[in-house]
**Student:** 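For reference, the structure I am asking about is given below.
Just so we're clear, the structure is a prediction, and the values are computed from it rather than from any experiment. As a basis for the values below, the full set of heavy atoms in this structure was taken, side chains included, without hydrogen atoms, waters or symmetry mates. Numbered from 1 within each chain, the chains take letters A, B, ... in sequence-line order.
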Protein chains: 2
Amino acid sequence: MSRKRASVRREEILAATIEEIESSGLRTLRVADVARRLGLSPSLVIYHFVTKEALVAAAFAHAGENDLYRARRIAATGRSAREKLDEVIAWYMPTGSTRSWKIWIDGWSAGLFDAELRATFAALDKEWKAILASLIDAGREAGEFTQGADSAQTIATRILAYLDGLAIQAMFHTDAVTRELMIEWVSAFVAHELEPPS
Amino acid sequence: MSRKRASVRREEILAATIEEIESSGLRTLRVADVARRLGLSPSLVIYHFVTKEALVAAAFAHAGENDLYRARRIAATGRSAREKLDEVIAWYMPTGSTRSWKIWIDGWSAGLFDAELRATFAALDKEWKAILASLIDAGREAGEFTQGADSAQTIATRILAYLDGLAIQAMFHTDAVTRELMIEWVSAFVAHELEPPS
DNA sequence: GTTTTAACTGAACCGTGATTCAGTAGTGGT
DNA sequence: ACCACTACTGAATCACGGTTCAGTTAAAAC
């Protein structure tokens, strides 16, 4: 069987772990399932990650970093702040491959009682806010957005909160909250936050 | 040992289950912990609820109904729609005894892969929306709120989404989002939804 | 081409925790 | 006071799944 360098195999295992959480949930996640998905032995997974808990933590961090990477690339584009903000927000919403949201709801739940996971999520969230805040500041300087009373950081927090909440609604009431509606509502929210009627 | 009627004991067990989930989380919940909390044997818990899964489902439904009951009582008060709406919203937010939110994040997570739980949450959410929508309609008829383009139901959905999202932020970033800030932000959100600048 | 390293496996171990079951004893009804 | 009912327990069962460990072999190093 094809042997691979540790770094490569670890990435594979992390990806498989996320897929498994995505499709079956964290509560029923078995090391053996992750292994089978790659045609490997459970022992190997432990060999690389020592414990299941560490595997899960690494998998969430990995998935989060991937999403952030993509978001940063969008933000580095040469378009208007508003366009970039819209696209970053669209990417944050459910649908993107890794951004399937189920894993994040599972992650929050686990994070409630796992300090390491909680720290991971806090760090990821901070990065997302930084990206949004930076786009907001850029837009303000370019005159695309008005200079409101609240800091870009604060507005970023609110936007992310709204996105999280809508994602949950969409997750549980597919009928009541479609992706189209979400986009429309978020768009209005952002407009109200950044472009008060003059 | 004090023996009780089944209905009484069941209530006790449900309450203890919620407390246990609240303090230690759903993933590590053991039937034995719930039992110990009441000084009972694990067998009794199973005797009353047949399986752990059923116990958890019943506990969430029970907690949800309790919260709704309180919300309905607030809504039945004889004050202005706006005042009642504010208080219902305040009750929905983290801090209320049962409304400690940790359990709901755990619940969402479990609901992702458990059809029965998902149905329970859907039903509870529907009730919350109905309460809010009814207050919104009442306020509109009384002329407290303006008649916007969106239905009361739709606005209720958005408000609840924002509340859920803010609750998550508050849960994970206690420093960045305090309860006071949440109240302020939600208040502004509601005002914008119901009282557009005339 | 040999040696060394490190990826990898299979079988066994082991703790955990839900559920079962046979029996015990309050309690309400008569 | 007795009966019937049902709340309740303790010990045993049983499956499950993470982790360990002793060994195997591909591949890198020289």
**Student:** Would you list the pairs meeting ring pair (Phe, Tyr, Trp, His ring centres under 6.0 Å) in which at least one residue belongs to residues 56-86 of chain B, sequence neighbours left out?
**Tutor:**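 Qualifying pairs: Phe60(B)-Trp104(B), Phe60(B)-Phe121(B).
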**Student:** Using heavy atoms and a sub-4.0 Å distance, could you list which residues of residues 106-121 of chain A are near DNA chain C? By number, please.
**Tutor:**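 Under 4.0 Å from DNA chain C: no residue of residues 106-121 of chain A.
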**Student:** For DNA chain D, which residues of residues 40-48 of chain B approach it to below 4.0 angstrom with any heavy atom?
**Tutor:**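 The stretch gives Leu40(B), Ser41(B), Ser43(B), Leu44(B), Tyr47(B), His48(B) as the residues lying under 4.0 Å from the strand, ordered by number.
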**Student:** Could you tell me the separation between the OG1 atom of Thr77(A) and the NZ atom of Lys84(A), rounded to the nearest 0.5 Å?
**Tutor:**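 The NZ atom of Lys84(A) is 6.5 Å from OG1 of Thr77(A), to the nearest 0.5 Å.
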**Student:** Under 6.0 Å between ring centres: does that hold for Trp101(A) and Trp108(A)?
**Tutor:**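 Yes.
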**Student:** When rounded to the nearest 0.5 angstrom, what is the spacing between CD1 in Ile155(B) and NZ in Lys129(B)?
**Tutor:**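 That separation rounds to 13.5 Å.
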**Student:** Just the rounded figure in Å: distance from P of dG28(C) to NZ of Lys4(B).
**Tutor:**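 Between P of dG28(C) and NZ of Lys4(B): 14 Å.
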**Student:** Which residues pass the side chain to side chain contact (heavy atoms under 4.5 Å, CB included) test with Ala170(B), not counting sequence neighbours?
**Tutor:**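 Side chain to side chain contact (heavy atoms under 4.5 Å, CB included) list for Ala170(B), sorted by chain: Val177(B), Met182(B).
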**Student:** Is the closest basic N to carboxylate O distance between Asp86(A) and Arg82(A) below 4.0 Å?
**Tutor:**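 Counted as a salt bridge, because a side-chain N and a carboxylate O are separated by less than 4.0 Å.
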**Student:** Would you say a side-chain N or O of Arg3(B) is under 4.0 Å from OP1 or OP2 of dA25(C)?
**Tutor:**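 Result: no.
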**Student:** Quick one: do Arg30(B) and Glu20(B) make a salt bridge, cutoff under 4.0 Å?
**Tutor:**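 Answer for the salt bridge query: no.
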**Student:** Over how many whole Å does the gap from Phe49(B) atom CZ to dC8(D) atom P extend?
**Tutor:**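 So the CZ-P distance, Phe49(B) to dC8(D), works out to 12 Å.
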**Student:** Using only heavy-atom distances, determine whether the side chains of Thr157(B) and Thr154(B) contain a donor-acceptor pair under 3.5 Å.
**Tutor:**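 Side chains of Thr157(B) and Thr154(B): no pair found under 3.5 Å.
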**Student:** Does anything in residues 24-36 of chain B reach DNA chain D, meaning a heavy atom under 4.0 Å, and if so which residues?
**Tutor:**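 Correct list: empty, so none.
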**Student:** Salt bridge check, Arg70(B) against Asp67(B): does any charged N sit closer than 4.0 Å to a carboxylate O?
**Tutor:**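 So Asp67(B) does not pair with Arg70(B) through a salt bridge.
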**Student:** Taking the nucleotide of DNA chain D with the closest heavy atom to each, which residue, Arg5(A) or Thr51(A), is nearer the 5' end?
**Tutor:**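 Per heavy-atom nearest nucleotide, the more 5' residue is Thr51(A).
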**Student:** Can you tell me which residue pairs pass the ring pair (Phe, Tyr, Trp, His ring centres under 6.0 Å) test with a partner in residues 131-164 of chain B, sequence neighbours excluded?
**Tutor:**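 Every pair satisfying ring pair (Phe, Tyr, Trp, His ring centres under 6.0 Å) with a residue in residues 131-164 of chain B: Tyr162(A)-Tyr162(B), Phe189(A)-Tyr162(B), Tyr162(B)-Phe189(B).
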